[in-house]
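Below, read A as the first sequence line, B as the second, and so on, with proteins coming before strands; counting in each chain starts at 1. Side chains are part of it too, since the values below use all heavy atoms of this structure and drop only hydrogens, waters and symmetry mates. Worth saying up front: this structure is predicted, and the values here are computed from it rather than measured.
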2 protein chains.
Amino acid sequence: MNDSSKYEEPARLLKALAHPTRLCIVAGLLNDSCNVNKMKECLNLPQSTVSQQLAILRNQGIVDGVRHGTEVFYKVANEKVKDIVKVLLDDEEIVFK
Amino acid sequence: MNDSSKYEEPARLLKALAHPTRLCIVAGLLNDSCNVNKMKECLNLPQSTVSQQLAILRNQGIVDGVRHGTEVFYKVANEKVKDIVKVLLDDEEIVFK
DNA sequence: TTTTAAAAATACTATATTATAATATTATGT
DNA sequence: ACATAATATTATAATATAGTATTTTTAAAA
């Protein structure tokens with residue numbers, strides 16, 4: 001039986017990843033954590049845009065952030081997502097710098 | 001440099017997968033090919049809906065179909081996608097029947 | 001060549017996503 | 001308490017996607 005309700009959760013997960021900015025964020029966090037300001041510089045996007053994309057990733061448990069003073073450092077919080085992104089991007093080294 | 005144009009193609013691929021029906025179709029085609037009518041029965045969706053979702057998957061090279069008479073048999077045409085879907089769905093056996 | 005079956009394409013409404021400016025929150029330093 | 005820096009939230013206009021009835025195409029059978 002191919003009850004499609006079974007696919008709703010995994011589809012939601014993929015959907016959260018399926019955007020160039022969000023994919024770039026996750027790829028950049030695969031190896032090192034990073035704060036929002038640095039991301040926004042690297043991505044050349046307004047802070048609000050980056051925060052919104054981070055919220056979408058957070059809502060799916062793909063990333064999570066820890067606050068250090070005024071900054072929040074994000075990391076990838078889902079191992080399955082790490083594997084998927086590595087397969088998708090051919091395991092290349094990606095870093096925010 | 002985290003130039004996000006680099007992520008546009010892979011994001012498009014994920015986006016095509018990121019829908020319960022399309023994910024279900026791809027999962028169902030992982031091991032065996034299938035024609036549209038059988039899919040539509042299994043999925044309990046109108047033929048036009050299934051064909052539209054197949055068109056989206058075809059446009060990203062995720063599936064392709066071969067015609068046998070009036071029927072078109074679809075299969076997964078992208079190895080990376082197979083790997084991603086297996087990781088995502090924990091490698092479970094899925095078949096249209 | 002007309003009919004029938006299967007699949008694809010079209011048209012169109014409803015809904016969702018995207019991007020970003022503006023505003024609010026949270027934490028720190030003065 | 002006030003100013004400032006970093007991040008989050010809200011509001012909203014533009015654009016994209018979803019679902020499906022209807023129409024068209026493709027191929028086979030009568």
* With no hydrogens and no angle check, do the side chains of A:Q53 and A:T49 hold a donor and an acceptor under 3.5 Å apart? -> no

Residue pairs meeting salt bridge (charged side-chain N to carboxylate O under 4.0 Å, His left out), one or both in residues 55-65 of chain A, sequence neighbours left out, come to A:D64-A:K75

In numerical order, the residues of residues 47-58 of chain A whose heavy atoms come under 4.0 Å of DNA chain C are A:S48, A:T49, A:Q52, A:Q53

Contact span of DNA chain C against chain B, any nucleotide atom under 4.0 Å from a heavy atom, 5' to 3', runs C:dA6 to C:dA11

Salt bridge (charged side-chain N to carboxylate O under 4.0 Å, His left out) pairs touching residues 16-37 of chain A, sequence neighbours excluded, are none

Here the residues of residues 62-76 of chain A within 4.0 Å heavy-atom distance, strictly under, of DNA chain D are A:T70, A:E71, A:V72, A:Y74

Applying a 4.0 Å non-hydrogen cut-off, can you work out what A:K15 is touching in the nucleic acid: base, sugar-phosphate, or nothing? sugar-phosphate

By side-chain hydrogen bond (donor to acceptor under 3.5 Å, both in side chains), B:N59 pairs with (sequence neighbours left out) none

Bend of the helix from C:dT1-D:dA30 to C:dT30-D:dA1 from end-axis comparison, five pairs per end, nearest 10°, comes to 10°

Heavy atoms of A:L23 and B:A11 approach each other most closely as CD2-N, 3.8 Å

Between CD of B:Q60 and P of D:dT17 the distance, given in whole Å, is 10 Å

Residue set satisfying side chain to side chain contact (heavy atoms under 4.5 Å, CB included) with B:R67, at least two apart, ordered chain then number -> B:V72

Sorted by chain and residue number, the side-chain hydrogen bond (donor to acceptor under 3.5 Å, both in side chains) partners of B:K86 (sequence neighbours excluded) come out as none

Here the distance between atom C1' of D:dA28 and atom CG of B:N37, to the nearest Å, is 15 Å

B:L30 and B:V76 have their tightest heavy-atom pair at N-CG2, 4.1 Å

The side-chain hydrogen bond (donor to acceptor under 3.5 Å, both in side chains) partners of B:E41 (sequence neighbours excluded) come to none

Side chain to side chain contact (heavy atoms under 4.5 Å, CB included) filter on A:N78, not counting sequence neighbours, yields A:L13, A:K80, A:V81

Contacts of B:K82 meeting side-chain hydrogen bond (donor to acceptor under 3.5 Å, both in side chains) (sequence neighbours excluded), chain-then-number -> B:E79

